[in-house]
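Each ligand, and each atom within it, is numbered from 1 in the order the structure gives. Quick note: numbers below take in every heavy atom, side chains included, and nothing from hydrogens, waters or symmetry partners.
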Amino acid sequence: MTMRSMTIQLQVKLQLHTILLSFLLLPTTSVAILTKQIQPGSTLYASNTTQTWSSPNNTFSLTFIPLNPPTTPPSYLASIVFSGGIPVWSAGTTPLDSNASFQFHPTGNLLLLNGTGHTIWDSGTANLGISSASLDDYGNLVLANGTLPVWSSFNHPTNTLLPSQNFTTQQVLRNGLYSFSLHSYGNITLKWDNDSIVYWNQGLNKNLTSPTLGLQSNGTLSVYDTTIVPRGVVMAYSNDHGEGSDILRFLRLDEDGNLRMYSSVRGSGNETVEWVAIGDQCRVFGYCGNMGICRYNGTNPICGCPSQNFELVDPKDSRKGCKRKMEIENCPLNVTMLDMEHTLLLTYPPQSIFAIDGSQIFFVGISACRLNCLVNPTCDASTILSDGTGMCYYKTPEFITGYQSAALRSTSYVKVCPPVLPNPSPGLVSGKSGGWRMQSWVVAIVVIGVALGLIVLEGKFEKGNVTAIVDRRLVKEEVDMEQVVRAIQVSFWCIQEQPLQRPRMEKVVQMLEGITKIDSPPSPKGRE
Ligand SMILES: *[C@@H]1O[C@H](CO)[C@@H](O)[C@H](O)[C@H]1NC(C)=O
Ligand SMILES: *[C@@H]1O[C@H](CO)[C@@H](O)[C@H](O)[C@H]1NC(C)=O
Ligand SMILES: *[C@@H]1O[C@H](CO)[C@@H](O)[C@H](O)[C@H]1NC(C)=O
Ligand SMILES: *[C@@H]1O[C@H](CO)[C@@H](O)[C@H](O)[C@H]1NC(C)=O
Ligand SMILES: *[C@@H]1O[C@H](CO)[C@@H](O)[C@H](O)[C@H]1NC(C)=O
Ligand SMILES: *[C@@H]1O[C@H](CO)[C@@H](O)[C@H](O)[C@H]1NC(C)=O
Ligand SMILES: *[C@@H]1O[C@H](CO)[C@@H](O)[C@H](O)[C@H]1NC(C)=O
Ligand SMILES: *[C@@H]1O[C@H](CO)[C@@H](O)[C@H](O)[C@H]1NC(C)=O
Ligand SMILES: *[C@@H]1O[C@H](CO)[C@@H](O)[C@H](O)[C@H]1NC(C)=O
Ligand SMILES: *[C@@H]1O[C@H](CO)[C@@H](O)[C@H](O)[C@H]1NC(C)=O
Ligand SMILES: *[C@@H]1O[C@H](CO)[C@@H](O)[C@H](O)[C@H]1NC(C)=O
Ligand SMILES: *[C@@H]1O[C@H](CO)[C@@H](O)[C@H](O)[C@H]1NC(C)=O
């Protein structure tokens with residue numbers, strides 16, 4: 001706090017003539033300090049991206065940055081960027097042309113003007129006695145009346161949380177239709193479309209007084225509250241275990257609806273994923289748009305349509321979803337059902353708890369799940385869960401998003417006009433190895449790995465002598481060393497002392513398949 005208040009020590013008088021006067025009177029050595037203080041009336045232009053408002057030691061700066069990937073003609077966002085060029089905050093989300101400008105208006109308002117001079121975004125701080133603006137070395141842009149902060153970018157986050165930024169229940173990270181928030185009971189959630197669907201929730205579920213979420217500079221993300229003894233509950237931590245210096249770690253809600261922690265070495269412009277909320281991207285609600293089906297091509301999530309009875313809404317962007325080539329109202333013959341094996345139509349709260357029409361959820365057999373939807377005019381599709389409950393969900397035509405993988409046991413049905421035109425079959429690709437047949441030796445390694453306790457094994461693994469671990473009887477079969485390494489890494493995850501760190505079975509399968517990236521596991525005994 002002392003560092004931060006130092007940056008706003010220099011107060012600027014509001015009247016322009018006073019500023020001009022002080023410019024004339026100040027000795028030249030003070031100019032360096034003045035450049036760190038943003039003068040009322042100062043303007044940044046998108047046409048000149050070398051123009052910046054910097055923090056005292058240049059760790060952060062406010063500037064126009066071109067959109068990435070680039071567009072023609074180029075478009076820009078007014079952003080606070082970390083040294084190297086990584087944006088951590090933006091004024092508005094609309095990309096603007098090169099005639100756009102960003103101004104600290106003498107009334108104390110921050111204004112973003114588009115190419116024709118219309119206000120696109122403003123801080124709403126006109127005439128609140130704002131006398132200074134400054135960007136501090138933690139990345140916080142502060143507007144203050146004297147030394148009293150009135151507005152700050154930390155209190156108005158966009159999609160990123162920085163260390164030393166306090167995230168409260170009043171704040172939201174947003175990206176497109178996705179949002180991230182903290183709740184009064186200490187849960188953190190990811191939601192889709194104005195909070196209608198909660199597709200990720202991790203939490204304490206405790207009665208708290210005024211929880212805040214904070215990120216340590218070493219990448220530990222914790223919920224703090226006066227009722228939590230001693231100092232907070234860890235929700236996630238950076239996979240690089242806080243190693244290295246001059247590294248910024250930050251949390252960002254990405255455009256694909258996933259929440260990730262990144263690290264970036266000062267000045268590099270590179271960012272490395274250190275933690276991800278949803279390891280399985282296909283489980284992010286709406287990732288493939290309405291009627292879109294998410295599949296893995298081995299390594300990457302790919303969006304497609306349920307069958308050739310559908311086409312992409314936008315052939316250039318498969319994430320925009322699919323539409324029927326013929327609407328079911330217009331079917332010349334009776335409507336029929338497209339049967340999709342190994343396919344789950346994503347169902348998250350409140351969908352899974354409250355039925356839209358009071359009759360959405362049924363415990364029925366698999367054939368009834370199909371037939372009841374077929375004869376029900378309000379049902380567009382149905383899915384039977386693979387979680388052991390045998391629950392059948394009827395889907396109304398509002399928004400349906402699916403996930404197809406050989407590892408899923410769900411079956412789904414979608415109404416189409418006959419004839420059913422299945423997708424050409426490249427087969428159900430599952431993992432780099434192609435087919436869905438996890439070889440017995442992979443399972444054996446995991447089982448042996450877990451059973452041994454693995455301190456010895458770990459020593460060998462760290463030295464890279466993987467073949468020594470593989471049992472000779474197994475080596476007789478064809479052994480893919482990449483899969484062996486994967487299997488051993490997975491087994492380390494399975495024997496974590498902290499139960500929260502152990503992956504769920506479904507994730508284990510996907511790590512083995514190579515669908516989910518395997519973070520390098522911490523030592524099973526926990527980190528020292
Ligand atoms: C761009 O801004 C920089 C820094 O303020 C300045 O030195 C340079 O002259 C400007 N260039 C143009 C073309 O205005
Ligand atoms: C910016 O304004 C100038 C002068 O009005 C105009 O010639 C130019 O086309 C504008 N640039 C864009 C990208 O609209
Ligand atoms: C600026 O915003 C106004 C109002 O939204 C809009 O009518 C105008 O077309 C925009 N100009 C540019 C160059 O985008
Ligand atoms: C600015 O701060 C001064 C002294 O701290 C206070 O008297 C004044 O009311 C404030 N101005 C506004 C507009 O809040
Ligand atoms: C810049 O200031 C911040 C905050 O005091 C500090 O953490 C960081 O190490 C400084 N960086 C450099 C390069 O001086
Ligand atoms: C965040 O909260 C801590 C503890 O309440 C406080 O010391 C710190 O000043 C706050 N940071 C900001 C940027 O408000
Ligand atoms: C908070 O999270 C816990 C554990 O994930 C969950 O059981 C609980 O239902 C959540 N509470 C609310 C109110 O969403
Ligand atoms: C929170 O407090 C309320 C009322 O005091 C109580 O009904 C509720 O069960 C509590 N919830 C939890 C999760 O402890
Ligand atoms: C990160 O820092 C916090 C507070 O300084 C500390 O409690 C925690 O153990 C550290 N975590 C790691 C992984 O170093
Ligand atoms: C950024 O990352 C790429 C690929 O990991 C690497 O080749 C490049 O050297 C890195 N750049 C810097 C400046 O570290
Ligand atoms: C999967 O898709 C990604 C992105 O479209 C592509 O780069 C990659 O080569 C594909 N992999 C395979 C095995 O087809
Ligand atoms: C359409 O379905 C209804 C009831 O399922 C059946 O009675 C009727 O014969 C069917 N019509 C055609 C043309 O298949």
Would Pro73 count as a contact of ligand 2 if the rule is a heavy atom under 4.0 Å away? no
Could Arg252 and Tyr262 be counted as a cation-pi pair, given that NZ or CZ must be under 6.0 Å from the ring centre and within 45° of the axis? yes
Heavy-atom contacts with Gln51 under 4.0 Å: which atoms of ligand 1 show up? List them by number with element. 2 (O), 5 (O)
Could you tell me, atom by atom, which parts of ligand 1 come under 4.0 Å of a heavy atom of Thr50? 1 (C), 2 (O), 3 (C)
In the protein, which heavy atom is nearest to atom 5 (O) of ligand 2, and how far is it? Asn99 ND2, 4.6 Å
May I ask you to say whether [X] pairs ionically with [Y], meaning some side-chain N is under 4.0 Å from a carboxylate O?
X: Arg324; Y: Glu311; result: no
X: Glu255; Y: Arg319; result: yes
X: Asp240; Y: Arg249; result: yes

Please could you name the atoms of ligand 6 that Ser164 approaches to less than 4.0 Å, counting only its heavy atoms? 11 (N), 13 (C)
Taking the minimum heavy-atom distance to atom 8 (C) of ligand 1, which of Leu44, Thr49, Asn48 ranks first? Asn48
Taking only heavy atoms of Ser98, which atoms of ligand 2 are found under 4.0 Å from at least one of them? 13 (C)
In terms of the angle between their ring planes, are His156 and Trp151 parallel, tilted or perpendicular, with boundaries placed at 30° and 60°? parallel
Between Phe82 and Phe250, is the gap from one ring center to the other below 6.0 Å? no
Centres of the Phe154 and Phe167 rings: under 6.0 Å? no
Below the 3.5 angstrom mark, is there an N/O of Asn140, backbone or side chain, next to an N/O of ligand 6? no
Does atom 14 (O) of ligand 2 have a protein non-hydrogen atom under 4.0 Å from it? yes
With heavy atoms and a 4.0 Å threshold, my read on which part of Ser152 contacts ligand 6 is neither
